[in-house]
Structure formats: C-alpha cells, structure tokens
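Counting starts at 1 for both ligands and their atoms, in listed order. Only a predicted model underlies this, so the values are computations on that prediction, with no experimental measurement involved.
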Amino acid sequence: MGSNILVTGGAGFIGSHTVVALSEAGFNPVIIDDFSNSNASVLAGLRDILGRDVPCYAEDCNQYNLLRKILHENRIEGVIHFAAYKAVGESMQEPLTYYRNNLGSLITLLDAMLAEGVSNLIFSSSCTVYGDPDTPPVTEETPIKPPASVYGNTKQIGEEIIRDVCQAKSLKAVSLRYFNPIGAHPSAAIGELPKGVPNNLVPYITQTAAGLRPELTIFGGDYPTPDGTCIRDYIHVMDLAEAHVSALRHTLSYPETRYYNTFNLGSGKGHSVMELVLLFEKISGLALPSRIGERRAGDVMAVWADVQKSANMLGWKTKRTLEEALQDAWRWQQKLNNL
Ligand code: UD1
C-alpha cells in the first residue's frame, strides 16, 4: 500500500491531473476542494481514468479542526497544497480576499500538519515570483522581483512562510514554481475549466477555434522578440503533475527532519504567442481568427525556465511536446462542446 496524500484543490486543473499521476505512481490521493473554482464533474472524469472513486471532502480547506480530522483519519503522510485563488486581475480588485484565502489557508494547513505530525509538503508556486527577468532562462537563484500582482505576492509570501516554518519545526517542504501549464489528460476525461472569459492563452485559443469567442487578440506585436510577440515556457499539465510525484518522493525520502527547497517546473524552452497560434492551426487544420492588439498591462516580454536543478535533484524532466499539449487541449475543448 502506498502513502496517503492529501491534495488540497484536487478538483482544479493542475490538482486533478496530479491526482491521476499520484494514483498511477501507487500513492493514495485524498482530495479536499470547496469547488469554488472547479466542477463536481471532475470527480467523474477521475473515475473514468482511474476506474475507481477518489475520496473527496467538498470543503473549504481553511478549517483547522476539519483539516486535523482529515489528516488523522486518513493517516496522511504528505500534503500537496494547490487550493488558492489564481486570477491575477481579480486579485488587484479584491486584495483582502486573496490574502485571506491564499495565505490564511496555508497557515491553517501548516498548523494542522504540525499538530498531526505530517511532515511533507509540496507547495504550488509560480514563475511569477521572478517578475520580468533581465536575461532568461531563470534559475532558482535568479533574484525574486517585487510582485507584479497581489496573486503573485501571495505566492512569494507563501514561499517565505513555508521556508521559515521549515527552519523552526519538523517540516520538509518544497515550493514548485510553475511556468505556463497547458493541455489536458490525453483521454479528454479531465482538463481546464476556466470560468467565464479565459485569461490564459491556450483556453482562449481553443474556445475561439470552437466558435465560443469571435477572435483571439494577441496582446502586443511590437515586443523586441523575433516575431514581436511574448515568449513563455509552456508545459504539458501531465508533465507538471508527474513532477509533483517526483517532488513528493524527494521530500518523503529526504534524510533530515527540516528541509526546504524551490524548483522550477517548465520545459526549459521558450515559445512565442505567434508560434502557438501557428502550431495550433497546423494541428487542428483550422484558420484561427486572430488580430494583434495592445500589450496587456503586467505582461513580461520573455520568460522561460532553467530546469537543470529539477532534473538533477528530482530526477524529473518533461516528456511531452508542445504539439501534444495543444492536441490534448483541443481534444478536451472538442469534447466539452460535443464537436
Ligand atoms: C498568467 C499569470 C500568471 C499565472 C499564469 C498561469 C498574468 C500577468 N500572469 O501568466 O501569474 O501564474 O497565467 O495561470 O496574468 N495572451 C494573448 N492573448 C490572450 C491571452 C494571452 O496574447 O487572450 C498572451 C499573453 O500576453 C502572454 C501569453 O499569451 O504573452 C501567455 O498568457 P497567459 O496564458 O495569460 O499566461 P501568463 O500571462 O504568462
């Protein structure tokens, strides 16, 4: 029997794919998710893929007594903490909501873990902590920049809280800095379910191709990049999910009682918005309606990951191509819209 792992936000985009990766690696995931930004249909999707139900508490994880009970009753050995609000624009409008939810739940979770003697934590962080880097790729030693958003600040402060707790208490934790997760499970049983108009590029592309949006606006065509559009490091969500399994094995087997580290999770390659649009057109055989618009406030020009540390210390690297990620994202969108 593998270890029991609590996955907060396990019904979300990255959380649900990580539940699959954990199960396939022999762990027993237990989900807590309040479904504030996810859908109960995810649980049916997980059942289709795994052939069994994954235990799920439909609850807000900002509840100390409940968390202690869940950790205790399920004999949890490690926690992967995804549960958080993630809309950059909304975080600027509602800062207290973001600080209370993202940092409050982290502190509550840490308290409950320490009280129950659960000593392994994987934290969902973001490459947003690097801001606009002077010279990509960014390594984990690249200086952290002042956060560009309240959301970004909750990730920076979250990392600091965990680092400080690891210095003082018996806790082994890693923060995983995600670059741009895209794609879906290849079965199309689970994928990304953005609420309302998507902010992120790939759901916007697939919704436009599905006829739900009239056209894609490319935010800025005059950046000093080879084709004038921004460059990001897109990573298949299943590669990202598998990195959590590697990170968990890393902390579970770490021989000290106090440990903290940070890892970049990306493909290590940068691709422009225009490259994604052209590749999507090739894969789908569709002409994607698009136009170049204004730059989006807060966007950085180019960022991609140096993934050497993750490769060396976690023994992990991406296996899937950008093409596969776009194919899987498109298959998921087609299933959602019965195309
Ligand atoms: C955004 C968030 C980041 C978060 C990440 C994952 C911002 C400033 N950053 O990253 O904090 O961790 O999502 O959820 O919001 N683009 C278009 N047209 C669109 C949408 C996007 O041209 O309709 C471009 C953007 O300008 C960018 C690229 O596509 O160059 C990727 O954008 P997006 O998917 O929103 O991710 P990030 O902005 O990199």
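Here His244 and Tyr178 bring their ring centres to under 6.0 angstrom of each other. Two rings, from His250 and Tyr259, have their centers less than 6.0 Å apart.
Closer than 4.0 angstrom to ligand 1 by heavy atom are Val88, Ser126, Thr128, Tyr151, Asn180, Asn199, Asn200, Leu201, Tyr204, Leu216, Thr217, Ile218, Phe219, Cys230, Arg232, Tyr234, Val273, Arg296, Asp299, sorted by chain and number.
Remark: side-chain polar atoms of Lys169 are not paired, donor with acceptor, to backbone N or O of Asp164 under 3.5 angstrom. A side-chain donor-acceptor contact under 3.5 Å links Arg258 to the backbone of Gln167. Thr8 places a side-chain N or O within donor-acceptor distance of the main-chain N or O of Phe82, the cut-off being under 3.5 Å.
Legend: residues meeting side-chain hydrogen bond (donor to acceptor under 3.5 Å, both in side chains) with Asp53, ordered by chain and number and at least two apart, are Arg47.
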